[in-house]
**Q** 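This is the structure, below, for whatever I ask next.
On a predicted model such as this, the values are computed, not experimentally measured, just so you know.
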Amino acid sequence: MPDRSIQAKTARAIFAAITGRYPGLELVIAWNQPMLRKGTSYVFGLSATKHHLLVNPFSADVLEALAPRLAGLRVLKRTVAIPSDWKVDAALLRAMVRLRLAELA
């Protein structure tokens with residue numbers, strides 16, 4: 001079983017990378033998972049599974065636009081599975097949020 005403290009450390013680093021650039025996003029818990037929201041629209045979410053973390057930009061179009069940068073990660077229909085000990089790619093995460101916010105504008 002993976003060390004949950006490693007997942008927690010990675011999750012904190014992911015949210016810090018995003019909220020450092022986008023401080024206006026509201027951190028909420030929805031469906032028992034941490035999510036970033038702008039108004040009533042979800043922008044980014046994260047969930048922990050037994051073997052990895054799932055990041056969710058709430059848009060298949062965002063994942064499609066970033067497909068070349070997601071090479072090497074397991075891209076699902078609307079989420080990306082990342083290793084629990086992922087070296088956080090802040091630029092990639094911020095690009096996800098930037099594209100999602102553009103969709104909502």
**Q** Decide side chain to side chain contact (heavy atoms under 4.5 Å, CB included) for V28 and L36; before the verdict, give the C-alpha distance in whole Å, the side-chain angles of both, and the deciding distance to 0.1 Å.
**A** CA-CA 6 Å; V28 298; L36 292 171; over 6 Å; no
**Q** Among I18, L63, L73, I82, find the one that has a side-chain contact (heavy atoms from CB on, under 4.5 Å) with V55.
**A** I82
**Q** Under a 3.5 Å distance rule, please check whether Q7 uses its side chain to pair with a backbone N or O of T49 as donor and acceptor.
**A** yes
**Q** Within the supplied structure, the quantity of interest is the number of heavy atoms (other residues, nucleotides, ligands) at a distance under 6.0 Å from E103 CD; does it exceed 12?
**A** yes
**Q** Is the backbone N or O of Y22 less than 3.5 Å from a side-chain atom of T19, with the two atoms forming a donor-acceptor pair by type?
**A** no
**Q** Should V97 and L93 be marked as a side chain to side chain contact (heavy atoms under 4.5 Å, CB included) after you check the CA-CA gap, both sets of side-chain angles, and the distance that decides it?
**A** CA-CA 6 Å; V97 171; L93 296 169; 5.8 Å; no
**Q** When you compare the side chain of L54 with that of V80, does any pair of heavy atoms fall below 4.5 Å?
**A** no
**Q** Side chains of L66 and M96: closer than 4.5 Å at any heavy-atom pair?
**A** yes
**Q** Would you check if the side chain of R94 reaches a backbone N or O of A17 as a donor-acceptor pair within less than 3.5 Å?
**A** yes
**Q** Quick check: are there more than 12 heavy atoms from other residues, nucleotides or ligands sitting under 6.0 Å from CZ of R21?
**A** no
**Q** Does any part of the side chain of L27, heavy atoms only, come nearer than 4.5 Å to the side chain of P34, both counted from C-beta?
**A** yes
**Q** Any non-hydrogen side-chain atom of H52 less than 4.5 Å from a side-chain atom of P83?
**A** no
**Q** Determine, using the 4.5 Å side-chain heavy-atom cutoff (strictly less than), whether V43 and F58 are members of one ILVMFWY cluster.
**A** no
**Q** For the residue pair R100 and S59, what are the closest heavy atoms and their distance?
**A** CD-CB, 4.2 Å
**Q** Atom CG in L53, atom OG1 in T79: separation rounded to 0.5 Å?
**A** 11.5 Å
**Q** Test side chain to side chain contact (heavy atoms under 4.5 Å, CB included) on L99 and D61; report intermediate values, then the result.
**A** CA-CA 9 Å; L99 291 170; D61 291 338; over 6 Å; no
**Q** Tell me whether the rings of W31 and Y42 are parallel (<30°), tilted (30 to 60°) or perpendicular (>60°).
**A** tilted
**Q** Decide yes or no for F44 and N56: does some side-chain heavy atom of the first lie under 4.5 Å from some side-chain heavy atom of the second?
**A** no
**Q** Backbone N or O of S84 within a donor-acceptor pair of the T10 side chain at under 3.5 Å?
**A** yes
